[in-house]
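We number each residue from 1, following the sequence as shown. These numbers were taken from a predicted model, which means no experiment stands behind them.
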Amino acid sequence: MASVEGINPKSQALELEAPLTGVLDALAALPPTQKARRFRSRVGHRLASLARIGVFLLVIWVAGTEDGPLSVVAGVLSVVLGLVLWFRSLLPRRFHAEGHPGDAVERRPELVRRVLLRLREDVAPGTPVRLRLRPDPRPEGPGSSFYDLKLLSKAGTDVLDPWLTLETRLADGSHLRLSAVERRRNKLCVPGPNATRRRKKSKEYDTLFLEARLRVKAKRHPDLAALSPDRAQEAVRLPTGAKLQRLRITGEHLRIRIRLEESWLPHVPKDAAAEASPAPDASRAVTMMLLSLYQMLHLARTPEATRRRRSG
């Protein structure tokens, strides 16, 4: 049985290669570990705040134990330092978005678990599955419910978090590679010339990019390289909330990338109303990506004339 001992302390990612059942066991053991890690992170943040206050009190104590000019200098420094620390404490470094999906510890692991369960029938027993998963977003990073508070409104560079890589060989001999990258972008809104307010506003928002790559044998699909981009795009079917980002086809490789907004969930029940749950279903998006890739293989084997006769 796999365990969470495969988490790399430097990358904070679960890294293992095991049969599908072993990977599922490791994912099931993650939530308690995630809760403990998040608790330690909150405690560390609080201790850092207390440490700044402790330095201030230490300077005051040193100033009180000295006589003469040194006590005056130390006293002035302690007052200045105290004012700086007090003013800094009034300005929080980060903002917590209440109700953000990133607060759910099972968000990323649950997506991977559901994808593996849907692939169970397509993966031969005993076939190794290679997984690299960072279960928790980085502090104030993409996918996190915490955002940096900036005094100045300015556009910053994008922050990327490649948190998932999953590879395995399917029963038909093709090689599958799934990856997920989350991006946090700082958008600067500049008011127009007729706007009443001239102040610039910045807003951070996240985007999830899911990519599926399928490597097949060229001798089994000799016409794949001749498949036109337009015909290939006809085979793409995506759920609500998912948008096609990139589609590439070569003689042996098929590659599709989609994007989801930051409100994505690992699973949305089928009976959930669209108004009650507008969030994109990430596991369903991955399933439809794979179905689209196999539909492209089918189109490559179907001559254009035959396809036209069937559609007519």
Side-chain angles (χ1 to χ4, degrees), residues 1-8 11-34 105-135 162-181 210-222 224 235-239 242 249-258 265-270 281-301:
M1 175 179 175
S3 66
V4 294
E5 295 178 355
I7 292 184
N8 188 312
S11 63
Q12 299 297 316
L14 174 66
E15 300 175 355
L16 76 160
E17 183 173 354
L20 190 144
T21 54
V23 176
L24 289 174
D25 291 338
L27 293 174
L30 273 178
T33 304
Q34 290 178 260
V105 295
E106 71 277 3
R107 191 188 191 197
R108 290 180 174 181
E110 180 65 12
L111 170 59
V112 180
R113 189 185 73 85
R114 288 188 173 274
V115 170
L116 290 176
L117 289 176
R118 295 180 182 184
L119 288 174
R120 177 177 289 177
E121 301 298 329
D122 300 311
V123 178
T127 302
V129 177
R130 186 159 48 249
L131 174 67
R132 183 184 183 277
L133 167 67
R134 184 182 295 112
W163 55 267
L164 171 65
T165 302
L166 189 151
E167 296 182 77
T168 189
R169 186 171 296 278
L170 302 179
D172 61 358
S174 58
H175 182 270
L176 173 65
R177 185 179 189 271
L178 295 173
S179 61
V181 177
L210 294 172
E211 183 176 277
R213 300 184 186 182
L214 199 65
R215 188 176 74 242
V216 299
K217 296 181 179 180
K219 62 181 180 180
R220 297 185 58 181
H221 303 275
L224 180 60
V236 177
R237 297 292 184 271
L238 297 176
I249 300 176
T250 60
E252 295 183 347
H253 297 83
L254 299 94
R255 178 180 176 185
I256 182 173
R257 180 189 297 175
I258 66 173
L265 296 174
H267 173 66
V268 176
K270 293 183 179 180
D281 188 335
S283 60
R284 187 166 182 262
V286 173
T287 301
M288 297 188 70
M289 287 169 61
L290 298 179
L291 292 177
S292 298
L293 293 180
Y294 275 94
Q295 182 64 18
M296 294 175 202
L297 295 177
H298 174 72
L299 285 178
R301 293 192 299 265

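Pairing each heavy atom of Ile256 with each of Met289, the nearest pair is O-CE, 3.6 Å. The minimum heavy-atom distance between Leu214 and Ser174, with the atom names listed, is CD1-OG, 3.8 Å.
Proximity of Arg213 to His253: side-chain heavy atoms (C-beta onward) are nowhere separated by under 4.5 Å. Residues Thr21 and Arg120 have side chains not in contact (no heavy-atom distance under 4.5 Å, counting atoms from C-beta outward). For the pair Leu210/Leu164, no side-chain contact is recorded, criterion being any heavy-atom separation below 4.5 Å from C-beta on. Side-chain contact check for Arg255 versus Arg177: every heavy-atom pair is 4.5 Å or farther apart. By the 4.5 Å heavy-atom criterion applied to side chains, Leu133 and Trp163 are counted as neighbours.
Judged by distance alone, with hydrogens and angles left aside, the side-chain atoms of Ser283 form a donor-acceptor pair with the main-chain N or O of Pro266 at under 3.5 Å.
Under the side chain to side chain donor-acceptor pair (under 3.5 Å) criterion, Arg113 pairs with Glu110, sequence neighbours left out. Val129 meets the side-chain contact (heavy atoms from CB on, under 4.5 Å) test with Leu20, Val23, Leu116, Leu166, Thr168; sequence neighbours excluded. Among residues two or more places apart in sequence or in another chain, the side chain to side chain donor-acceptor pair (under 3.5 Å) test is passed with Glu252 by none.
Side-chain atoms of Asp122 and Tyr294 form no donor-acceptor pair, as typed in the model, at a separation below 3.5 Å.
To the nearest 0.5 Å, the span separating CZ on Arg220 from CG on Asp172 amounts to 6.0 Å.
Atom CZ of Arg284 is surrounded by 12 or fewer heavy atoms from other residues, nucleotides or ligands within 6.0 Å.
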